[in-house]
Amino acid sequence: MYDLAIMWDWIAFSVRWLHVITAMAWIGASFYFIALDLMLKPNPNLPDGAYGEEWEVHGGGFYHTVKYLVAPSEMPEHLTWHKWQSYTTWLSGAALLMIIYWVGGELFLLDPTKADLSLWQGILISGGSLTIGWLLYDQMCKSKLSENPTLLMLLLFVILVAMSWGYNQIFTGRAALLHLGAFTATIMTANVFFQIMPNQRIVVDDLKNGRTPDAKYGKIAKVRSTHNNYLTLPVVFLMLANHYPLAFGTQYSWIIASLIFLTGVTIRHYFNTMHKTGRGPNWTWLVTVLLMILIAWLSTVRTGETYEDAEAREMTTFEQKFAAADGFEDAFYAVVGNCSMCHAREPSWDGMYWAPKGVVLETEADVARHAKQVYLQAGASHAMPPPNAIEMDQEGRDFIVAWYKGATSN
């Protein structure tokens with residue numbers, strides 16, 4: 001009942017669930033504190049060292065928050081640290097990346113039509129590339145560029161565009177966008193781990209030892225938190241994009257990803273300004289809509305491997321393993337007969353422009369490459385094909401199960 005493929009899929013589902021939960025906690029805390037910081041009001045009756053206050057009502061009660069720009073005069077008895085949300089989000093995301101894109105790299109990570117890479121080479125590029133952004137960004141923040149925040153953000157944008165293009169040259173469309181999101185999220189978590197938390201610990205240590213904390217540590221933490229605030233929405237989009245072929249199924253997906261970072265800036269600028277002044281700049285919505293229209297247009301540009309190219313391409317070692325397994329012919333015809341009207345390079349189902357999830361099942365190499373997914377969707381479960389589309393008979397499903405289990409039992 002519980003074979004390895006099924007258990008592994010449930011492990012992936014559980015880790016994804018954890019990742020979403022902790023991401024909501026991190027994003028929620030980040031957005032709340034940025035908004036709170038912008039809404040603070042001065043009050044001459046505040047304690048010494050206090051910068052501003054904010055009154056809020058929620059959940060049947062009133063909250064009175066006072067912010068100290070550097071630190072209070074003495075260490076409070078209880079201090080809550082907001083760090084686990086960021087760390088757990090990154091760790092669970094890294095685990096999910098390994099589960100799906102490393103272990104399942106032959107399907108989800110590598111694209112033989114783009115680059116001739118072995119799985120270990122793809123994994124090495126995948127893991128190693130995530131650190132590049134942080135190293136470049138951190139050095140820029142510590143240089144004189146820190147005196148010009150706008151220029152600093154523009155240079156970071158250039159790095160993100162370059163990585164978006166680079167990932168798209170070697171990985172599948174899904175993996176390229178996912179890795180750009182992980183690349184950005186690594187910068188954000190590293191900001192928390194290497195800058196924000198250590199600087200706050202210095203301030204806390206000064207308070208405990210009776211020293212006057214230096215204001216520069218708080219300013220550094222504030223700058224990094226602000227950068228994280230503007231990067232959050234693009235990361236969420238990139239993490240969701242691997243479910244939507246319109247986002248990743250075009251050669252211009254790297255431009256789509258780059259433009260999404262601009263929409264993240266315009267949206268956050270609106271809300272940040274609204275929190276600070278009570279009214280947001282409406283022009284940001286027009287810019288955001290125009291950017292999304294451009295993105296939608298780019299997504300319709302059909303590119304990639306044609307059916308003829310796919311038929312002529314030599315199978316990879318991974319594909320050959322499943323194509324050579326007993327029962328492949330029966331399973332192949334069951335898949336093509338029931339799934340290819342939608343899972344095609346040019347779907348014949350009315351109103352469908354791209355194959356669902358970008359999965360094409362037309363050639364023998366296609367079916368062999370997606371063996372595990374075919375087994376899980378149409379063999380171990382009846383998720384596919386949708387019953388309102390076509391009713392797949394049990395014999396066809398049995399062919400798929402027998403073929404997959406035979407191929408993986410050796």
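Since the model is a prediction, treat every value here as computed from it, not as a measurement.
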Parallel, tilted or perpendicular: rings of H269 and W283 (30°, 60°):
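The rings of W283 and H269 sit tilted, inter-plane angle from 30° to 60°.
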
Do the rings of W134 and Y137 sit parallel, tilted or perpendicular, given the 30° and 60° boundaries?
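Ring orientation, 0 to 90° scale: tilted.
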
Does one side chain, of [X] or [Y], offer a donor that lies under 3.5 Å from an acceptor on the other?
| X | Y | value |
| --- | --- | --- |
| D366 | T363 | yes |
| T22 | T89 | yes |
| D48 | S73 | no |
| Y244 | S299 | no |
| D3 | Y375 | yes |

Please assess T288 against Y270 for the test side chain to side chain donor-acceptor pair (under 3.5 Å), listing each intermediate value before the final yes or no.
CA-CA 10 Å; T288 304; Y270 175 86; over 6 Å; no

When you look at [atom1] of [X], are more than 12 heavy atoms from neighbouring residues, nucleotides or ligands closer to it than 6.0 Å?
| X | atom1 | answer |
| --- | --- | --- |
| F13 | CZ | no |
| W102 | CH2 | yes |
| Q394 | CD | yes |
| H64 | NE2 | yes |
| K41 | NZ | yes |
| W297 | CH2 | no |
| N209 | CG | yes |

Measure the shortest side-chain to side-chain distance between [X] and [Y] over non-hydrogen atoms and say whether it is less than 4.5 angstrom.
| X | Y | result |
| --- | --- | --- |
| L151 | L145 | yes |
| V335 | I400 | yes |
| L38 | I34 | yes |
| N242 | Y101 | yes |
| L110 | T316 | no |
| P213 | I202 | no |
| K208 | V204 | yes |
| D309 | T113 | no |

On the ring face of Y217, is R201 found with NZ or CZ under 6.0 Å from the centre and within 45° of the axis?
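R201 over Y217 ring: no.
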
Please report the closest heavy-atom contact between [X] and [Y], naming both atoms and the distance.
| X | Y | value |
| --- | --- | --- |
| S146 | C141 | CB-O, 3.0 Å |
| M239 | A182 | CE-N, 3.6 Å |
| A5 | Y404 | CB-OH, 3.8 Å |
| L156 | M140 | N-CE, 4.1 Å |
| E362 | A344 | OE2-CB, 3.3 Å |
| L79 | P76 | CD1-CG, 4.5 Å |

Taking the side chain from [X] and the backbone from [Y], do they hold a donor-acceptor pair closer than 3.5 Å?
| X | Y | value |
| --- | --- | --- |
| Y230 | R268 | no |
| D206 | R211 | no |
| T273 | G280 | no |
| S92 | V15 | no |
| Q121 | S118 | yes |
| T131 | G128 | yes |
| N229 | S225 | no |
| T250 | L246 | no |
| S164 | V161 | no |

With H82, the side-chain contact (heavy atoms from CB on, under 4.5 Å) member among Y32, W26, F33:
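With H82 as partner, Y32, W26, F33 yield a single side-chain contact (heavy atoms from CB on, under 4.5 Å), made by F33.
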
So R313 and E319, side chain to side chain contact (heavy atoms under 4.5 Å, CB included) or not? Walk me through it.
CA-CA 11 Å; R313 178 178 64 81; E319 293 164 347; 3.2 Å; yes

Show your working on side chain to side chain contact (heavy atoms under 4.5 Å, CB included) between C342 and M352 and close with a plain yes or no.
CA-CA 7 Å; C342 296; M352 185 174 291; 3.7 Å; yes

Would D138 and R224 pass as an ion pair if we require N to O under 4.0 Å?
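Looking at D138 and R224, the cut-off is met.
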
Between E106 and K321, does any side-chain N to carboxylate O distance fall below 4.0 Å?
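A salt bridge is absent here (no side-chain N lies under 4.0 Å from a carboxylate O).
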
What side-chain hydrogen bond (donor to acceptor under 3.5 Å, both in side chains) pairs are there with at least one residue in residues 169-180, not counting sequence neighbours?
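For residues 169-180: S126-H179.
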
Atom pair [atom1] ([X]) and [atom2] ([Y]), whose distance is rounded to the nearest 0.5 Å:
| X | Y | atom1 | atom2 | result |
| --- | --- | --- | --- | --- |
| T408 | L4 | OG1 | CG | 8.0 Å |
| T150 | L155 | OG1 | CG | 11.0 Å |
| D9 | R16 | CG | CZ | 9.0 Å |
| N168 | F171 | CG | CZ | 11.0 Å |
| I11 | I6 | CD1 | CD1 | 12.0 Å |
| T300 | W354 | OG1 | CH2 | 8.5 Å |

Tell me if the centroids of the rings in F193 and Y87 come within less than 6.0 Å of each other.
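Yes.
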
Residue that, paired with D37, satisfies side chain to side chain donor-acceptor pair (under 3.5 Å) out of H275, K222, K276:
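Of H275, K222, K276, side chain to side chain donor-acceptor pair (under 3.5 Å) with D37 is met by K222 alone.
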
Quick one: do V103 and W8 satisfy side chain to side chain contact (heavy atoms under 4.5 Å, CB included)? Show the steps, please.
CA-CA 10 Å; V103 175; W8 191 251; 3.7 Å; yes

Apply side chain to side chain contact (heavy atoms under 4.5 Å, CB included) to the pair L180 and F261, showing each step before the final yes or no.
CA-CA 11 Å; L180 185 62; F261 281 96; 3.8 Å; yes

